[in-house]
Amino acid sequence: MDFILKIRDQFNLTIVLIEHHMQVVMGVCKAHVRAGLRGNHSSMARPEEIQNDPKVIEAYLGVG
């Protein structure tokens, strides 16, 4: 995570990150997160909104 953040900040880059570990996603992403949900639906929002999206919670944690 530190390396990704360093590159992003040093070069003012947009990073496309494909990652399943939500701690990494939330630690790196500032603007928008897109969560793919079983290939049928994808949710795109700010990191804190994604964390609280019931569809994302159900897809990744198996609870609603």
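Residue numbers run from 1 in the order of the sequence given. Worth knowing before you read on, the calculation uses all heavy atoms, side chains too, and leaves out hydrogens, waters and symmetry mates.
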Identify the two heavy atoms, one from Cys29 and one from Pro47, that lie closest to each other, and give their separation to 0.1 Å.
->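 In terms of heavy atoms, the two residues are closest at O-CG, 3.4 Å.
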
Contact check, side chains of Met26 and Glu48, non-hydrogen atoms, under 4.5 Å = no

Nearest 0.5 Å, please: how far is [atom2] in [Y] from [atom1] in [X]?
| X | Y | atom1 | atom2 | result |
| --- | --- | --- | --- | --- |
| Gln10 | Leu5 | CD | CG | 12.5 Å |
| Ile15 | Ile7 | CD1 | CD1 | 6.5 Å |
| Arg34 | Ile50 | CZ | CD1 | 9.0 Å |

With no hydrogens and no angle check, is any side-chain donor or acceptor of Arg46 less than 3.5 Å from a backbone partner on Val33?
->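 Not at all, since once roles are kept as given, no pair shorter than 3.5 Å links the two residues.
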
Does atom CD1 of Ile18 have more than 12 heavy-atom neighbours from other groups under 6.0 Å away?
->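 No, not enclosed.
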
Taking atom CG of Asp2 as the centre, does the number of heavy atoms from other residues, nucleotides or ligands within less than 6.0 Å exceed 12?
-> no

State plainly whether one hydrophobic cluster holds both Met1 and Val25, where clusters connect Ile, Leu, Val, Met, Phe, Trp and Tyr through side-chain heavy atoms under 4.5 angstrom apart.
-> no

